[in-house]
Chemist: 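Mind looking over this structure? Questions follow.
Atoms within a ligand are numbered from 1 in the order they appear, just like the ligands themselves. These figures come from a predicted structure and were not determined experimentally.
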Amino acid sequence: MLTGMGETILYHWLLVGLACALLFGIARPFFRRRKLQRVRFDGGLLRHELLFSALTLGASAATIGVLWGVLRRSGQMSFAEGPAAWWMVVGEFAVYFLAFDLYFYLLHRLMHTDLVFRWVHRTHHRSMAPNPLTAFSFNPLEGMLTGGFLPVFLAVFEVHRESLALIGGFQPLMSLYVHSGHEVFPRWWYRSPWTGWLQTPYFHDQHHARVGWNYGGFTTLWDRAFGTVSPGLLESFESRPWTEPELSPVLAAPRPG
Ligand SMILES: [Zn+2]
Ligand SMILES: [Zn+2]
């Protein structure tokens with residue numbers, strides 16, 4: 001159900017992903033020191049994450065495809081005409097970035113209520129030490145709710161096609177980044193007002209390890225506003241030794257926050 005535009009976006013982000021994988025391969029010693037949690041290989045977990053990643057990617061793509069088709073055909077989704085200046089692309093991307101961030105924060109808080117966690121979100125939290133596969137391992141219903149945001153956003157905000165190349169595919173890539181299990185940024189990151197608003201993998205890694213804190217998708221803004229930043233995050237981030245971590249003990253199954 002991919003359109004020409006959809007294919008361009010897919011190739012664009014595939015290229016970005018490939019470049020990241022290449023960088024990871026070249027700078028392996030650096031990334032080994034920057035690993036956040038070292039856990040034993042778990043075949044059951046791998047099968048779980050492979051299965052739910054496939055189901056979720058399928059459910060998410062189908063939701064986007066169906067909503068896209070319905071909204072385009074009914075004339076509720078259209079794109080701004082004419083070439084877009086760079087500042088328009090930046091502005092439109094910023095609106096999407098902030099809108100999705102708030103949507104994800106609220107949805108994620110809902111996912112951590114007792115019943116919804118048990119029946120839906122627990123699938124994602126099987127991994128207490130996230131890895132890139134965890135980025136897509138969700139209950140398909142959650143994949144539909146997350147994926148459906150893009151066409152609805154495009155129906156509400158008319159953006160240029162150039163902006164779509166940046167907006168489409170950004171969320172999955174950001175999910176891969178926060179679930180990478182490796183931290184690449186310096187100790188002062190969360191102390192500085194210039195950078196501390198943007199999430200790094202450590203922030204979401206703590207969401208999986210401690211459960212009940214750090215619900216944000218892209219930024220730390222809503223967690224700060226609602227007081228859900230994990231206690232001691234700043235201190236633990238600054239005092240990390242950045243040497244290869246010890247093997248973590250097997251952890252108990254997570255509970256909702
Ligand atoms: Zn969660
Ligand atoms: Zn996660």
Side-chain angles (χ1 to χ4, degrees), residues 17 20 34-39 42 44-57 59-60 97 100-149 169-185 190 198-231 233 236-237 245 248 251-257:
C20 291
R34 291 307 191 110
K35 196 160 176 55
L36 289 166
Q37 300 184 62
R38 227 177 100 213
V39 287
D42 180 342
L45 177 65
L46 179 67
R47 281 193 295 279
H48 168 90
E49 294 198 324
L50 277 172
L51 172 70
F52 281 99
S53 290
L55 289 173
T56 296
L57 285 171
S60 180
F97 184 92
F100 181 86
D101 194 45
L102 175 60
Y103 170 74
F104 184 84
Y105 179 85
L106 297 173
L107 180 69
H108 201 179
R109 287 295 299 266
L110 174 73
M111 289 291 153
H112 276 263
T113 53
D114 232 344
L115 268 180
V116 186
F117 186 89
R118 197 170 311 145
W119 292 103
V120 182
H121 194 52
R122 198 187 184 98
T123 303
H124 180 61
H125 276 272
R126 173 105 183 247
S127 230
M128 296 191 76
N131 67 81
L133 209 53
T134 317
F136 307 111
S137 172
F138 288 92
N139 180 299
L141 178 68
E142 203 176 337
M144 290 165 79
L145 289 170
T146 310
F149 179 84
F170 181 77
Q171 188 273 323
L173 205 77
M174 193 67 185
S175 187
L176 265 175
Y177 160 68
V178 299
H179 291 98
S180 65
H182 294 77
E183 181 56 65
V184 294
F185 288 105
Y190 289 109
L198 186 64
Q199 227 182 92
T200 74
Y202 185 70
F203 191 82
H204 192 69
D205 199 89
Q206 287 292 295
H207 174 70
H208 281 261
R210 300 177 69 176
V211 186
W213 307 99
N214 307 356
Y215 297 99
F218 298 161
T219 77
T220 63
L221 297 175
W222 301 110
D223 281 296
R224 286 171 195 258
F226 289 105
T228 50
V229 175
S230 55
L233 178 107
S236 62
F237 189 74
S248 300
L251 299 161
R255 291 193 312 277

Chemist: Classify the ring geometry between His121 and His112 as parallel (under 30°), tilted (30 to 60°) or perpendicular (over 60°).
Modeler: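 Ring orientation, 0 to 90° scale: perpendicular.
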Chemist: Closest to the Zn ion (ligand 1), which N/O/S atom of His108 is it?
Modeler: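 Result for His108 and the Zn ion (ligand 1): NE2.
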Chemist: Centres of the Phe218 and Phe170 rings: under 6.0 Å?
Modeler: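 Close enough - the centres of the two rings lie under 6.0 Å apart.
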Chemist: Which N, O or S atoms belonging to the protein are less than 2.8 Å from the Zn ion (ligand 2)?
Modeler: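 Atoms qualifying: His124 NE2, His179 NE2, His204 NE2, His208 NE2.
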Chemist: In a check of side chain to side chain contact (heavy atoms under 4.5 Å, CB included) between Arg118 and each of Val116, Val120, Leu115, which one passes?
Modeler: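 The option that passes is Leu115.
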Chemist: Run the ring-centre check on His204 versus Tyr177 and record whether the distance is less than 6.0 Å.
Modeler: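 No, the ring centres sit 6.0 Å or more apart.
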Chemist: Looking at Leu55, Leu50, Leu57, which one forms a side chain to side chain contact (heavy atoms under 4.5 Å, CB included) with Phe136?
Modeler: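 Filter result, single survivor: Leu57.
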Chemist: What is the distance from atom NE2 of His124 to atom CE of Met111, rounded to the nearest 0.5 Å?
Modeler: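 Rounded to the nearest 0.5 Å, the NE2-CE separation comes to 11.0 Å.
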Chemist: For the residue pair Asp101 and Gly217, what are the closest heavy atoms and their distance?
Modeler: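 Where Asp101 meets Gly217 most closely, the heavy atoms are OD1-N, 3.5 Å.
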Chemist: Can you check the angle at the Zn ion (ligand 1) formed by NE2 of His112 and NE2 of His121? Round it to the nearest 10°.
Modeler: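 It comes to 100°.
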